[in-house]
Protein chains: 2
Amino acid sequence: MILEKKKTFNDFAASKGLRSTRQRDIILDIFLSTHEHISVEELYLKVKSSNPGIGHATVYRTLKLFAEAGLAREILLHDGQTRYEHVVKGEHHDHLVCTGCNSIIEFEDETIEKLQSEIAARHGFLINSHKMEIYGLCANCRR
Amino acid sequence: MILEKKKTFNDFAASKGLRSTRQRDIILDIFLSTHEHISVEELYLKVKSSNPGIGHATVYRTLKLFAEAGLAREILLHDGQTRYEHVVKGEHHDHLVCTGCNSIIEFEDETIEKLQSEIAARHGFLINSHKMEIYGLCANCRR
DNA sequence: CGATATAATGAAAATGAATTTCAAAAGCAT
DNA sequence: ATGCTTTTGAAATTCATTTTCATTATATCG
Ligand SMILES: [Mn+2]
Ligand SMILES: [Mn+2]
Ligand SMILES: [Zn+2]
Ligand SMILES: [Zn+2]
């Protein structure tokens, strides 16, 4: 499925007339090797540790491309850092965000998604994406 | 209900031992006179037009107090500006955000809220707040 | 192949929202 | 009023992100 994502990006790049570069390959490899919800800075540091030459701006630019290509999702929590997570085709999830330890629990709820569609339809609204975050304390942090 | 909010803030201020200042009164008045989801900068400009002396920092600081006092809610959309909206006691709503014209449609859905609680409970998670934003095109912008 | 055109990169500068600093002003208890 | 503490506002600072622009790399074409 890593190969699949690489193909997704290559197809996207081709369709956009983007050139294939060593930097984008490296950043994609490293992004795909991560899990969780990684901040741009975190990814940049990972990238730099094996490829000191790659610059800040390239990482920012490339992650935007990944999001555009549909293989990454931008996540804005309340800490002033943009994060990215993997997009799994045909899947969607939302987040329980613990304000105690910053951990994130993912969940999906088919019923909520359906209700969202109904609400949008009721307003003549065409959904492109949505985000839902529940903030509070995880089981560990509760006491 | 404007008086009620002022009382809410005064009680909050009293309980926190905050001093009552001309600036906070003015900013509260102007905030309460606004509608929609106003950015800090927008509010600052409004404030400054009638009270040129009031500074940027004070507006930022005061809005945080309003949020803490429970009469304003901070909203982060995807435009890099923090916005604030009024909190109506006992009410909650979420947002349909049009990426075409930046308009916002508010909605409430009791069932979704209930499902959120269930999900949280299932994970032993204690909800403090949540946000749900649906992005897309409003009826006007669709075609 | 080269040569040429154009896109991508990266270091550094710029931007912009938000926060901090700190001296002066204002509020409050006595 | 006095003295103590909080608040204010201008300016400086921070910090993430974007932009600039000279250089380098990639793709295309003869
Ligand atoms: Mn996730
Ligand atoms: Mn609203
Ligand atoms: Zn936690
Ligand atoms: Zn619209």
Side-chain angles (χ1 to χ4, degrees), chain A residues 9-31 37-69 72-84 102, chain B residues 9-31 37-69 72-84 102:
Chain A
F9 184 65
N10 288 335
D11 291 352
F12 168 81
S15 78
K16 284 269 181 178
L18 303 180
R19 293 179 179 177
S20 97
T21 69
R22 196 180 57 88
Q23 288 86 338
R24 299 212 262 236
D25 287 348
I26 290 167
I27 296 170
L28 181 51
D29 272 337
I30 295 179
F31 175 66
H37 308 81
I38 195 166
S39 72
V40 184
E41 184 64 17
E42 282 161 3
L43 187 63
Y44 166 67
L45 291 176
K46 254 188 211 289
V47 166
K48 222 180 50 164
S49 74
S50 49
N51 294 79
I54 294 181
H56 236 131
T58 300
V59 175
Y60 274 96
R61 289 189 280 232
T62 304
L63 282 170
K64 293 213 158 185
L65 289 178
F66 294 169
E68 213 184 324
R73 178 158 74 131
E74 212 177 286
I75 304 192
L76 300 175
L77 303 180
H78 284 224
D79 63 349
Q81 300 246 124
T82 301
R83 296 173 178 281
Y84 287 87
N102 293 313
Chain B
F9 184 64
N10 289 336
D11 291 352
F12 168 81
S15 79
K16 284 269 182 178
L18 303 180
R19 293 178 178 176
S20 98
T21 69
R22 195 180 58 87
Q23 288 86 337
R24 298 212 262 236
D25 287 348
I26 290 168
I27 295 170
L28 181 51
D29 273 337
I30 295 178
F31 175 66
H37 308 81
I38 195 168
S39 72
V40 182
E41 184 64 19
E42 283 162 3
L43 187 64
Y44 166 68
L45 292 175
K46 255 189 210 288
V47 165
K48 222 180 50 163
S49 73
S50 50
N51 294 78
I54 294 181
H56 235 131
T58 301
V59 176
Y60 273 96
R61 290 189 278 233
T62 304
L63 281 170
K64 293 213 158 188
L65 289 178
F66 294 169
E68 212 184 325
R73 177 158 76 129
E74 212 177 287
I75 304 193
L76 300 175
L77 303 181
H78 283 223
D79 64 349
Q81 300 245 127
T82 300
R83 296 173 177 280
Y84 285 87
N102 292 314

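We name chains A, B, ... by the order of the sequence lines, and we start the count at 1 in each one.
To the nearest angstrom, P of C:dA26 lies 15 Å from CG of B:Asp25. Rounded to whole Å, atom C1' of C:dA12 lies 13 Å from atom NE2 of A:His56. Atom CD1 in A:Ile54 sits roughly 10 Å away from atom P in C:dA11 (whole-Å rounding). At whole-Å resolution of the value, OH in A:Tyr84 and P in D:dA16 are 15 Å apart.
Comparing atom distances between the B:Tyr60 side chain and each of C:dG27, C:dT19, D:dT18 picks out C:dT19 as nearest. Each of C:dA8, D:dG9, C:dA18 was ranked by its minimum atom distance to the side chain of A:Thr21; first place goes to C:dA8. For B:Leu18, the listed nucleotide lying nearest its side chain is D:dT7; candidates were D:dT7, D:dG9, D:dT17. Among the nucleotides C:dT19, C:dG27, C:dT6, the one closest to any side-chain atom of A:Arg19 is C:dT6.
Considering only heavy atoms from C-beta on, A:Leu76 stays 4.5 Å or farther from B:Leu76 through its side chain. Side-chain contact between A:His37 and A:Leu77 is absent, with no heavy-atom pair separated by less than 4.5 Å. Proximity of A:Phe31 to A:Phe66: side-chain heavy atoms (C-beta onward) are separated by under 4.5 Å at one or more points.
The list of salt bridge (Lys or Arg N to Asp or Glu O under 4.0 Å) pairs with a residue in residues 9-20 of chain B, not counting sequence neighbours, reads B:Lys7-B:Asp11, B:Lys16-B:Glu68.
Within the structure, a side-chain polar atom (N or O) of A:Thr82 is placed less than 4.0 Å from OP1 or OP2 of D:dT17. For the pair A:Ser20 and D:dA27, the criterion of a side-chain N or O lying under 4.0 Å from OP1 or OP2 is met. In this structure, B:Lys64 reaches the C:dT19 phosphate: one of its side-chain N or O atoms is under 4.0 Å from OP1 or OP2. Put simply, B:Gln23 has no side-chain N or O that comes within less than 4.0 Å of OP1 or OP2 on D:dT7. OP1 or OP2 of C:dT9 has not a single side-chain nitrogen or oxygen of A:Arg22 nearer than 4.0 Å.
Side-chain to base pairing of B:Arg61 with D:dG9: one donor and one acceptor N or O lie within less than 3.5 Å of each other.
At a threshold of 4.0 angstrom between heavy atoms, the contacts of B:Gly17 with the nucleic acid are absent.
Projected onto DNA chain C by closest heavy-atom contact, A:Thr62 and B:Val40 fall at different nucleotides, the more 5' of which corresponds to A:Thr62.
The side-chain contact (heavy atoms from CB on, under 4.5 Å) test with B:Ile26 is passed by exactly one of B:Asp29, B:Ile30, B:Leu28: B:Ile30.
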